[in-house]
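Proteins get letters first, then strands, A, B, ... in listed order; numbering begins at 1 in each.
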Amino acid sequence: MYHPRELYPSLGAGYRLGPAQPGADSSFPPGLAEGYRYPDLDTPKLDCFLSGMEAAPRTLAAHPPLPLLPPAMGTEPAPSAPEALHSLPGVSLSLENRELWKEFSSVGTEMIITKAGRRMFPACRVSVTGLDPEARYLFLLDVVPVDGARYRWQGRRWEPSGKAEPRLPDRVYIHPDSPATGAHWMRQPVSFHRVKLTNSTLDPHGHLILHSMHKYQPRIHLVRAAQLCSQHWGGMASFRFPETTFISVTAYQNPRITQLKIAANPFAKGFRENGRNCKRWELFIHSFMHSTNVY
DNA sequence: TCGACTCACACGTTTGAAAAGG
DNA sequence: ACCTTTTCAAACGTGTGAGTCG
């Protein structure tokens, strides 16, 4: 069992992968089944992964572009299977809290982004099978734009509203247990609940930087650590779950999303109708007292 | 004027150290 | 002396709503 906070105290933060490739959003490698490589990931940059994360350079590589997804949210059923690109034969990932994600996706998932960084809810929680129990792997998560549009809430639905902002520096969150053995990762679901999203382009904390009012897709990458220093970096798999697509916002736009978040997120329990912090509930009680001449 | 964003706030959950018990 | 369980306070994670900004 690894104790990541003791071994790798810096690992909770995101690591910048490098500059975005020009035009990365508009193209995609032919065929989802074909694996991709990270050509910028040369050997010297990767040595530190194994010799000590503390000294790891923030610049690793740019990620490949994402295939275009349908522009509308909450209007069509999410595809049932994850889409994967990998060169780790037999390895598969499944989204543990898929039902929750689907519930949000059916409404149109929104994620709050703040200057200080905000956690994702729901978080990406996956279970993995097919790993070599003895080999060591890293789990990574990044978030990439789905399309080249900016969105606006039009009272009832999200609609494209102009061109997207220029792409921000790509960052990747490294799961704090990384690197760990395949046996460790397969023992229990892997949760990325500590990932934080920010809209601060100068964020010093390593959070994933997003534009507000843009549509994003989280991706999970699995890297076989033993092969990190090889000339080619073949042992790698990437997964994305279409139901985890979301629109980043600085304040919730769709009231149904607010309701879902309050209902499902334990940290928001104070805003449920029986919570003492529910202002609407207080106002209701207040007006009720007035209407019944209690005051 | 309006939409997007920031911030302080109250409240609940999580975390981890200290204390208590076996 | 050691381990497990319980307690408790601090830190953290929430959505809210008023205010600010462009």
- Would you indicate what A:Thr114 reaches in the nucleic acid, counting non-hydrogen atoms under 4.0 angstrom: base, sugar-phosphate, or nothing? nothing
- Check the distance between C:dT14's P and A:Tyr252's OH and give it to me in whole angstrom. 8 Å
- Listed nucleotide nearest any side-chain atom of A:Pro266, set C:dG15, B:dT14, B:dC5: B:dT14
- Message: Do A:Phe267 and A:Met120 land in one hydrophobic cluster if side-chain heavy atoms of ILVMFWY residues count as linked below 4.5 Å?
- Response: no
- Query: In whole Å, what is the span from the CG atom of A:Asn199 to the P atom of B:dC7?
  - Reply: 10 Å
- Query: Between A:His214 (NE2) and B:dA4 (P), how many Å, whole number?
  - Reply: 12 Å
- Message: Is it the case that over 12 heavy atoms from other parts of the model lie below 6.0 angstrom from the CD atom of A:Gln154?
- Response: yes
- Message: Can you classify the ring geometry of A:His214 versus A:His211 as parallel (below 30°), tilted (30 to 60°) or perpendicular (above 60°)?
- Response: tilted
- Grab the CD1-C1' distance between A:Ile262 and B:dC11 for me, whole Å please. 13 Å
Using nucleotides 11-13 of chain C, report all nitrogen or oxygen pairs with the protein that are shorter than 3.5 Å.
from   : atom 1 : to       : atom 2 : distance (Å)
C:dG13 : OP1    : A:Arg119 : NE     : 3.2
C:dG13 : OP1    : A:Arg119 : NH2    : 3.2
C:dG13 : OP2    : A:Lys196 : NZ     : 2.9

- note: A:Leu202, atom CG; B:dT6, atom C1'; distance rounded to Å ~ 16 Å
- Message: To the closest 0.5 Å, what do you measure between CZ (A:Arg152) and CD (A:Gln253)?
- Response: 10.0 Å
- Query: Is the distance between the ring centroids of A:Tyr137 and A:Trp185 under 6.0 Å?
  - Reply: no
- Note on the structure: One should read off an interatomic distance between A:Met236 CE and A:Leu140 CG, to the nearest 0.5 angstrom, of 6.0 Å
- Message: Let me spell it out: for each of A:His193 and A:Met213, pick the nucleotide of DNA chain B with the closest heavy atom. Which residue's pick is nearer the 5' end?
- Response: A:Met213
- Message: Rounded to whole Å, how long is the line connecting atom CD1 of A:Ile112 with atom C1' of B:dT6?
- Response: 12 Å
- Rounded off to whole Å, could you give me the NZ-to-C1' distance for the A:Lys261 and B:dC11 pair? 19 Å
- A:Met111 side, atom CE; A:Thr244 side, atom OG1 - distance, nearest 0.5 Å: 8.0 Å
- Item | Value in whole Å for how far the C1' atom of C:dC21 lies from NZ of A:Lys115 | 13 Å
